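Everything numeric here is computed off the predicted structure, so don't read it as measured data. Just so you know, these numbers use all the heavy atoms, side chains as well, and skip hydrogens, waters and symmetry mates.
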Amino acid sequence: MGEKMKITFCLPSLPDVPVGGFKVVFEYANSLVERGHEVSIVCFTNQKFNIVKNYAIKYYLSQLYKHFYPKWFPLDQRVRKIATPYRNETHFPDSDIVFATAVNTAEIVYKLPKRCGRKFYLIQDFENWSFSDEEVYKTYQMGMNNIVVSQWLYELVSEFDPDVRLLKNPIDTRNFSVINKIEERNPLEIAMLYHYGEHKGVPIALEALSLVRQQYPDIHVTMFGACEKREEIDKEWISYYQNQTALQLRNLYNNTAIFVCASINEGFGLTGAESMACGCALVSTAYKGVFEYASNENAMLSPINDSYALAENIIRLIKDKELRFKLAYKGSEDLKAFSLNLAVDKFEKIIESSK
């Protein structure tokens, strides 16, 4: 792409803990400035400082805050961070392109003046956890350039916008790759994401792992996430690591033989894809988003909310090392097609051809 552009991403907040959807935006931002584009990220801080009523003070606090976050992601210093409590055009820069990245940023971006750029909407999930279905559908019909991250979202959004574009989430394969040999990994080393959200299915995964322990009492489970550890995982056979960086996650995945995911619904599922890129054999529920990168050819998939089926698949991979190696190698090879570099190529083509 020859023309260098001014691109703005609008985020609902500037998180001090790892969040998958924010990570995707940060990765695009880093790659785009590497290619010579000017990138700004506008983050709203009104919720962060909601106990403060004076907006001038909120804005001052926002300027201090933005210098320290996100600690968990190495955001390129050339990316301009704009932290503001004003949920309107006040601090949006002049741009060629501006992105909404969540339902609660869609209307704000839609109402921005022309100086802020052509309007895009990066749809990363069906975000009806804080909004009604109808409110979410309305954001798809605002006339912005809609981009979705998975096939199932493409099918959903195309009912409201026939011009929607599909751009699957990238995996930064420079960071997430096989370092430790797959054959040398301990089959009893298992990992998974820890999350409070019901849609992540953590209780189902814990039930499955308890069943596995009945047969293999020496399993060790490594969990990671942004949440504080609760009593449910305060067990001698579980280790928990909070707010891991990309490098720490790569090491964690590379010390794991089997990665477990019990999601009920999810737009994509970054951790499952990252684990596969690092040589883990994936055992997952067959939620919609997982089919963007997983199939019966490179993973073990079982019905949603079925802890017994999940446990059976984990046990099968512990027992059958040849199958485990086969899936791990196939998965790591397949995930190379999700490289960040290829995704940014497509990203540039999409915005260049936008209306």
Side-chain angles (χ1 to χ4, degrees), residues 20 124-126 148-156 166 168-171 176 178 182 185 187-195 197-213 215-216 219 221-225 253 256-338:
Q124 302 187 65
D125 207 336
F126 184 61
V148 294
V149 302
S150 57
Q151 183 64 37
W152 77 270
L153 283 170
Y154 178 85
E155 292 168 6
L156 173 66
L166 173 62
K168 292 188 178 184
N169 273 337
I171 300 298
F176 295 105
V178 178
I182 289 169
R185 301 186 193 188
L188 301 182
E189 284 292 339
I190 299 169
M192 62 174 281
L193 174 71
Y194 182 60
H195 198 284
E198 288 185 19
H199 66 292
K200 296 288 188 178
V202 168
I204 298 296
L206 290 173
E207 287 177 17
L209 290 166
S210 294
L211 292 169
V212 174
R213 279 194 80 237
Q215 204 161 329
Y216 293 94
I219 66 166
V221 179
T222 301
M223 295 188 183
F224 61 91
Y253 292 137
T256 297
I258 299 169
F259 190 84
V260 175
C261 174
S263 288
I264 297 165
N265 57 71
E266 202 168 349
F268 186 84
L270 279 177
T271 56
E274 289 170 353
S275 74
M276 291 172 72
C278 291
C280 299
L282 178 66
V283 176
S284 177
T285 49
Y287 68 94
K288 290 179 180 178
V290 80
F291 291 103
E292 300 309 312
Y293 52 85
S295 69
N296 292 324
E297 298 294 317
N298 62 12
M300 298 287 284
L301 304 177
S302 57
I304 292 167
N305 286 323
D306 189 338
S307 58
Y308 290 93
L310 198 66
E312 285 178 3
N313 282 344
I314 297 169
I315 290 169
R316 185 178 174 192
L317 287 190
I318 292 173
K319 287 181 177 178
D320 190 342
K321 67 178 182 181
E322 296 305 325
L323 176 60
R324 188 174 72 251
F325 296 162
K326 175 187 172 184
L327 295 179
Y329 273 109
K330 183 74 165 66
S332 63
E333 190 63 31
D334 290 347
L335 264 293
K336 290 177 181 177
F338 289 78

Which distance, rounded to the nearest 0.5 Å, do you find between the [atom1] of [X] and the [atom2] of [Y]?
X      : Y      : atom1 : atom2 : value
Asn313 : Ile318 : CG    : CD1   : 11.0 Å
Ile219 : Leu188 : CD1   : CG    : 7.5 Å
Phe325 : Arg185 : CZ    : CZ    : 10.5 Å

From CA spacing to verdict: side-chain contact (heavy atoms from CB on, under 4.5 Å), Thr222, Glu189: CA-CA 8 Å; Thr222 301; Glu189 284 292 339; 4.1 Å; yes

For residues [X] and [Y], report the shortest heavy-atom separation together with the two atoms involved.
X      : Y      : result
Leu153 : Gln124 : CD1-C, 3.7 Å
Ile258 : Thr256 : O-CG2, 3.1 Å
Leu310 : Ala262 : CD2-CB, 3.9 Å

Which side-chain N or O atoms in residues 198-212 pair as donor and acceptor under 3.5 Å with protein atoms at least two apart or in another chain?
unit_1 : atom_1 : unit_2 : atom_2 : d
Lys200 : NZ     : Glu266 : OE2    : 2.5
Glu207 : OE1    : Ser307 : OG     : 3.2
Ser210 : OG     : Leu206 : O      : 3.0

Please name all residues satisfying ring pair (Phe, Tyr, Trp, His ring centres under 6.0 Å) with Phe126, sequence neighbours left out, ordered by chain then number.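 With neighbours one apart ignored, the set is Tyr137.
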
For the NZ atom on Lys321, are there more than 12 heavy atoms of other groups (residues, nucleotides or ligands in this structure) within a distance under 6.0 Å?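 Check fails, neighbour count at 12 or below.
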
Determine whether more than 12 heavy atoms belonging to other residues, nucleotides or ligands lie under 6.0 Å from atom OH of Tyr154.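 12 or below, so no.
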
Can you name the residues that form a salt bridge (Lys or Arg N to Asp or Glu O under 4.0 Å) with Glu333, not counting sequence neighbours?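 Expected list: Lys336.
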
Less than 4.5 Å apart, side chain to side chain, heavy atoms only: is that true for [X] and [Y]?
X      : Y      : result
Val149 : Asp125 : no
Met300 : Leu323 : yes
Asn169 : Phe338 : no
Leu335 : Phe176 : no

Test side chain to side chain donor-acceptor pair (under 3.5 Å) applied to [X] - qualifying residues, sequence neighbours left out:
X      : result
Glu274 : Lys23, Tyr253
Tyr308 : none
Ser150 : Trp152

Salt bridge (charged side-chain N to carboxylate O under 4.0 Å, His left out) contacts in which one or both residues fall within residues 302-320, not counting sequence neighbours: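 Listed once each, the pairs would be none.
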
Per-pair distances, 0.1 Å, donor-acceptor, side chain in residues 277-299, under 3.5 Å, sequence neighbours excluded:
unit_1 : atom_1 : unit_2 : atom_2 : d
Thr285 : OG1    : Ser263 : N      : 3.2
Thr285 : OG1    : Ser263 : O      : 2.6
Tyr287 : OH     : Phe268 : O      : 3.0
Tyr287 : OH     : Tyr293 : OH     : 3.3
Glu292 : OE1    : Gln151 : N      : 3.0
Glu292 : OE1    : Lys168 : NZ     : 3.3
Glu292 : OE2    : Gln151 : N      : 2.8
Tyr293 : OH     : Gly269 : O      : 2.7
Ser295 : OG     : Glu297 : N      : 3.1
Asn298 : OD1    : Ser295 : N      : 2.9
Asn298 : ND2    : Tyr293 : O      : 3.1
Asn298 : ND2    : Asp334 : OD2    : 3.0

